[in-house]
2 protein chains.
Amino acid sequence: MATAVKRKNGEKAEGTTRIQGINRRIILEAALEVFSTYGFRGSTIDQIAEKAGMSKPNLLYYFPRKQNIYVTVLEDTLEEWLRPLDDIDPAGDPVEELRKYITLKLKMSEEKPEASRLFANEILHGAPAISDFLKGHLKELVDEKATIIRRWVDEKKLSPVDPYHLIFMIWATTQHYADFDVQVRAILGSQVNRPGFHEQTAQAVISIILNGIRPRG
Amino acid sequence: MATAVKRKNGEKAEGTTRIQGINRRIILEAALEVFSTYGFRGSTIDQIAEKAGMSKPNLLYYFPRKQNIYVTVLEDTLEEWLRPLDDIDPAGDPVEELRKYITLKLKMSEEKPEASRLFANEILHGAPAISDFLKGHLKELVDEKATIIRRWVDEKKLSPVDPYHLIFMIWATTQHYADFDVQVRAILGSQVNRPGFHEQTAQAVISIILNGIRPRG
DNA sequence: CTGCATTTTGACCAAGTAGTCAAGTTTTTG
DNA sequence: CAAAAACTTGACTACTTGGTCAAAATGCAG
């Protein structure tokens with residue numbers, strides 16, 4: 001295969017072999033599903049191994065500790081999860097940029113609810129595995145975007161609004177549809193499955209938030 | 001003690017004895033703390049027993065199964081958690097009623113974050129213990145309040161807004177400060193502990209949401 | 001005080017689960 | 001093709017944990 005990694009001489013294996021690449025991906029996919037459903041403590045290696053279609057010792061050959069699988073899948077998820085925030089463009093139209101951001105976050109909640117739940121569960125339990133990430137990379141990124149929003153407010157392109165609380169509100173609301181899916185379904189019933197439901201949700205959420213911060217006059 | 005329950009004759013004990021009353025309360029308090037921190041599967045009876053200051057078999061004397069403790073503390077919490085929603089007054093001023101509601105929810109998140117987290121964790125994991133409650137009592141209550149909000153919209157007292165999504169947004173945002181506390185702290189740092197932080201949060205949240213739905217003229 | 005009901009607990013058991021190991025099988029490489 | 005490396009797994013161990021039990025301690029009514 002074109003992607004196979006060739007090792008030279010008899011060197012200790014450094015790179016990733018073909019089989020390793022395949023199996024690690026399979027394991028991480030299975031793990032995301034299991035961990036996001038049952039949480040770290042509630043998931044067993046056997047469950048993940050079964051979903052991945054391999055024996056437990058084999059799985060442990062790739063990730064020697066349960067923690068390793070968890071942390072890896074969590075970190076992989078995190079990066080993807082934050083990308084939309086990073087994409088907010090300081091040069092764009094504020095209301096339009098935020099509309100894009102909210103839309104994207106809602107879409108991710110719809111398409112990858114497991115990722116959202118995995119993350120929510122980790123934070124809910126005190127974020128033992130990613131507190132460095134939160135205080136480091138995440139804080140930096142949020143500070144940066146908050147500065148942009150604050151500038152927008154100063155330029156009268158937005159009503160006076162605390163940028164941090166605005167970001168929290170967007171996160172909370174968009175992720176709610178993934179994290180609290182069962183509750184949303186219990187209350188809305190079959191509506192949730194009707195075509196157009198997600199567009200309608202986006203419309204509602206965007207309308208409240210953007211009207212809430214659009215400059216008046 | 002005035003609250004002691006007297007048993008007549010040699011009847012099988014039906015009522016609650018003084019010691020039972022005390023100990024059940026102690027156990028439930030300990031259980032709320034433990035379950036809300038570690039989730040159902042992540043909590044052990046030993047942990048709860050230790051926090052309650054009694055032996056494990058003694059705890060099991062009062063609640064024969066781990067599930068029993070969990071369900072009891074969850075149900076106790078739920079009722080309290082919903083009360084503010086119930087208090088929304090159809091005859092009141094819409095914006096004022098919603099301001100009151102948001103304020104109350106934020107206050108509860110501040111004062112009883114464990115309750116919020118316990119609930120969040122349960123929903124996040126599919127609400128196995130309370131799905132009847134969600135589809136029954138909760139749905140009814142929300143439907144009722146949604147009707148009120150819809151009437152307010154019809155009467156032009158609010159901008160056109162989907163009542164269900166508005167309620168979800170309020171829930172998501174207010175509970176975020178309890179459920180995602182670690183993240184909020186990681187990003188805002190010591191601000192969170194400054195006096196007035198909660199008032200400032202309330203001010204920000206209320207301003208965005210209420211401006212978002214206040215009728216424009 | 002006396003006897004019965006209630007409460008309390010140390011010791012124990014059975015099930016479940018993370019992780020090990022040594023022996024086999026397959027893949028890669030020269 | 002042959003040897004080495006990489007991969008796979010059944011069987012096992014050590015430990016945690018939910019729950020039991022019988023016996024001891026305490027509370028309480030008459």
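Proteins get letters first, then strands, A, B, ... in listed order; numbering begins at 1 in each.
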* Asked: Going by an N to O cut-off under 4.0 Å, is there a salt bridge joining A:R83 and A:D87?
  ->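 Salt bridge absent between A:R83 and A:D87.
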* Set of ring-ring contact (aromatic ring centres under 6.0 Å, His included) partners for B:Y164, sequence neighbours left out ->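 B:Y164 satisfies ring-ring contact (aromatic ring centres under 6.0 Å, His included) with no other residue.
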* **Where at least one partner belongs to residues 30-39 of chain B, residue pairs that pass side-chain hydrogen bond (donor to acceptor under 3.5 Å, both in side chains), sequence neighbours excluded** =>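 Counting only pairs at least two positions apart or across chains, the side-chain hydrogen bond (donor to acceptor under 3.5 Å, both in side chains) contacts touching residues 30-39 of chain B are B:E33-B:K51.
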* Asked: Does any pair with a residue in residues 65-74 of chain B pass side-chain hydrogen bond (donor to acceptor under 3.5 Å, both in side chains), and if so which ones, sequence neighbours excluded?
  ->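 Residue pairs passing side-chain hydrogen bond (donor to acceptor under 3.5 Å, both in side chains), neighbours aside: B:Y70-B:E122.
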Counting only side-chain N and O atoms of [X], is one of them less than 4.0 Å from OP1 or OP2 of [N]?
X     : N      : result
A:R18 : C:dT28 : yes
B:Q20 : C:dT7  : yes
A:T17 : C:dT28 : no

* Which letter, B, S or -, goes with each nucleotide of nucleotides 8-15 of chain D from 5' to 3', with contact meaning a protein heavy atom under 4.0 Å? -> BBBB----
Specify the separation, in whole Å, of atom [atom1] of [X] and atom [atom2] of [N].
X     : N      : atom1 : atom2 : result
B:F63 : C:dT8  : CZ    : P     : 13 Å
B:R24 : C:dT7  : CZ    : C1'   : 14 Å
B:L60 : C:dG10 : CG    : P     : 14 Å

[X]: side chain to side chain contact (heavy atoms under 4.5 Å, CB included) partners, not counting sequence neighbours:
X      : value
B:P90  : B:I148, B:R151
B:N58  : B:M54, B:S55, B:Y61, B:Y62
A:Q191 : A:L188, A:R194
A:F133 : A:L78, A:L82, A:I130, A:H137, A:L138

* With a 4.0 Å heavy-atom cut-off, tell me which residues in residues 28-49 of chain A come close to DNA chain C, sorted by residue number. =>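 Going residue by residue through residues 28-49 of chain A, the ones with a heavy atom under 4.0 Å of DNA chain C turn out to be A:S43, A:T44, A:I45.
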* Asked: Using a heavy-atom distance cut-off of less than 4.0 Å, which residues of residues 64-77 of chain A contact DNA chain C?
  ->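 A:R65, A:K66 - these, ordered by number, are the residues of the stretch whose heavy atoms sit under 4.0 Å from the strand.
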Let me have the donor-acceptor pairs involving side chains of residues 200-208 of chain A, under 3.5 Å, with sequence neighbours excluded, atom names and distances please.
residue: A:T201; atom: OG1; partner: A:F197; partner atom: O; Å: 3.0

Report all side-chain donor-acceptor pairs from residues 106-118 of chain A shorter than 3.5 Å, counting only partners two or more places apart or in another chain.
residue: A:S109; atom: OG; partner: A:T174; partner atom: O; Å: 3.0
residue: A:S116; atom: OG; partner: A:D179; partner atom: OD1; Å: 2.7
residue: A:R117; atom: NE; partner: A:A178; partner atom: O; Å: 3.1
residue: A:R117; atom: NH2; partner: A:A178; partner atom: O; Å: 3.3

* Asked: Between A:R25 and A:L28, is any pair of side-chain heavy atoms under 4.5 Å apart?
  ->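 Heavy-atom side-chain distance check fails, nothing below 4.5 Å.
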